[in-house]
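Written below as structure tokens is the structure these notes are about.
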Amino acid sequence: MKRPVMLMAGSYVLGIITVQSGGTVVFPLCMVVITLVVLLKTHKDPKNLAFTAMILLTCVLLYDFGIFRTYRVQNYPGFEKYEGEDVTFSALVCAVNGQDGNYRIELQADGKENVMLFCDSEYLPGDELLLTGRIKEYPSPMNDGEFDTKAFYKCRNIGAYVYADEISLIGRNNSPEYRLKSGLYEIRKKFSMTLINIFGKKNGGVLAAMFTGDKTSLLDEVRTSYKYAGIGHLLAISGLHISMIGMGIYGLLRKTGAGIGLAGAFSMLFLFVFAVFSGEQVSCIRAMIMLSFMMGAKYFGRKYDPPTAISFAALIVLIKNPLFLTDSSFLLSFSAGGAAAFSGIISRKAELVGFGKLKEKIVRAMMFGFGLQFMILPVQLYLFWSYNIYSPVINLLLIPLMPALLVLALLSMLSFFFLPGILSIFSRPCGFILGLYFDSGGFVKELAGGHIVAGKPETVKIVSAIFVLIIVYVFFVKDRYKSAAFCLLFMLLLLIHIPKKQFELYQLYVGQGACYVIFNDDKVIICDCGSSDKEDIYNNTVRPFLEYHGYDKIDYCIVTHVDKDHFNGFEEMLGDEPDFNPCFILPDVSDHEGFEAVFEAEEEKLADYVIAKPFSNIKIDKLELDILYPDSQNAQKSENESSMVFKLKAGDKTILFTGDIPAEVEKQVVSECEKRNYSLESDVLVAAHHGSRFSTSEEFLDKVKPRLALISCGINNSYGHPADETLLRLKKAGCEIHVSANEGQYRLDH
């Protein structure tokens, strides 16, 4: 049987997925399928049956161990019972990140998950601290598309964070492990600061991330540009960097006459120290294990098999912590490593007839580059919901510059300390390469299709795509061209975004604020977008939510009023998305100075707007908006009192939006509607003013008669929203109530 380690690693992964999917029977069935496939491949050779039986037994045991290990890690004791309480405890400093009075310090507490300490004082690995502070768990995401902070830290064995009121240094662990960690931390800090001194914060922050894994100095504009170019993987310690360093040291020692064993051992020792130096990142561990396989193969005169090496590395990482299986760093590192291994095999074995040596090398390099990008596409879509059609070309052109960049950066540091007069000889070309990397993002963004949002594919599609890739490789690799065409067609089907054909309304959690997103066919409508306690809600919440669902534009923005907690997200959007041209629907008091951002955007031809007159009807495809309030006579009232009230009609469903109107205005709306014989009855009521006790009166509810109420407010907000009185009135009216602070986003559909 070829590559039994792959089969064993896959069995362990299926055990993890079985737990994470809630114990579904699908994955045990996959074990049966794997067994049948293996038997079909080996039944013709009786000599292999005993070995095959032993491997299959090992796979079953690893599957069970994957289940056991995942349950064990998920239920490892933490600080849950101390949530929100002031506690005093002692802990050991494991790792330190940050600078200039803004430090994140990982603490190891006996018998519990680690804790992240945020403080303005610097401590070193090995320091023993006694601290008093309020323990808090990392929050789970409240909306689709939001970064899962809790899962990110959970797989790194960090279960909570604390801002300490009192910190005392009570001792020091001087074991060799912590002396090494402390020394390497000091070197890493000086290394990063030197790079920033030489290249400035922009380029120096990039190099610090590449060399040390320290991203505290990385600018947001750099992250965005690299993302658009499809080279975001370069902003981390990657297997590519590690491989270059390890093979470089090995080759140098071999040229000086060192034996294979000595050269391999020294390079592996260096990589081990480098892994500790850079924070023991997943990519470092993967590269170190794979290189140890390569060195071992050279030493014993065996053929190096990358798929076996990467499977073993994945098994080691996941045994340490199974939760890494869904972590982006693990998925990106191992998908890239696995894709590189298989793509390398296919490109080397491809039969190229009629090519000269130079052309053949170029063609094989292109096959490798495109194959690599093609194979990691399922993971990229799963993590980022978008892709860049130019990414293979960009990577093919820019990645070969990495060795020169790393060497030039190191030479720049040496000349900075010893020969400052020649510093520019190395720093300028290094800066030029970094400039190419940064500018490629802006260049690609301007091209048609430079950043295509596909939405998050269903897990079954991702698993199916990977399964097809494996099956095609295993059974049809001899007919590579037809196999590649089949895979390409299948993967393209994954990329097609099918617009929603039915109405959906989402109440997002934006803290103490409001944001409602409406999907109808291919149209995106947002009603209010603001928060008074969450920062940058457009970039951190709304845009990821839209991309998660496969949308890269907003067609209409409905503004009930311009209080910060309803409008500042729109201001962020107008500033950050100059290519957007949504139509703003504004209340008939829009000459208020708070709407200046919209009017300024209109003058620059970046936005359009419509003034919603009272008792007018606005049609958006199959949707209708009946505007009920206010008119220009209410312009002198407060922001809340002049909030726009409208009824949204979507098929046979009606939703009444009320902004922040108080009970006095509710009476006025009722009176005006009665004069015009207009029925306020609605299926859904978006409760006014975040559930304030001064709104949503009984008289108003008697007219609206909602069966469901939506309330948007922040967790533990200082206003006490939603008020108990309001909730009681809604329950008395027979309403089903959904509060964003309690349940996060809520979806309303047909």
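Scanning all heavy atoms of the two residues, the minimum distance from Glu128 to Leu169 falls at O-CD1, 3.5 Å. Contact record, Met288 with Met268: O-CE, 3.0 Å, taken as the closest heavy-atom pair.
With respect to Tyr138, the ring pair (Phe, Tyr, Trp, His ring centres under 6.0 Å) criterion is satisfied by exactly one of Phe147, Tyr161, Phe152: Tyr161. Of the candidates Asp327, Asn114, Asn321, Asp327 is the only one forming a side-chain hydrogen bond (donor to acceptor under 3.5 Å, both in side chains) with Arg156.
Put simply, the side chain of Ser225 gets close to the backbone of Phe438: a donor and an acceptor are under 3.5 Å apart. One N or O on the side chain of Ser531 and one on the backbone of Val510 form a donor-acceptor pair closer than 3.5 Å. Judged by distance alone, with hydrogens and angles left aside, the side-chain atoms of Tyr103 form no donor-acceptor pair with the main-chain N or O of Tyr123 at under 3.5 Å. Judged by distance alone, with hydrogens and angles left aside, the side-chain atoms of Ser335 form a donor-acceptor pair with the main-chain N or O of Leu332 at under 3.5 Å.
Using a 4.5 Å heavy-atom cutoff, the side chains of Phe211 and Ser192 are not in contact. The shortest distance between side-chain heavy atoms of Val93 and Leu107 falls below 4.5 Å. Contact annotation: the side chain of Leu117 approaches that of Ile167 to within less than 4.5 Å [non-hydrogen atoms, C-beta and beyond].
Note on Glu106 versus Lys181: no salt bridge recorded, every NZ/NE/NH1/NH2 to OD/OE distance being 4.0 Å or above.
Taking the six-membered ring for Trp and the full ring otherwise, the centers of Tyr304 and Phe293 sit at least 6.0 Å from each other.
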Steps toward side-chain contact (heavy atoms from CB on, under 4.5 Å) verdict (Cys529, Val542): CA-CA 8 Å; Cys529 184; Val542 178; 3.7 Å; yes
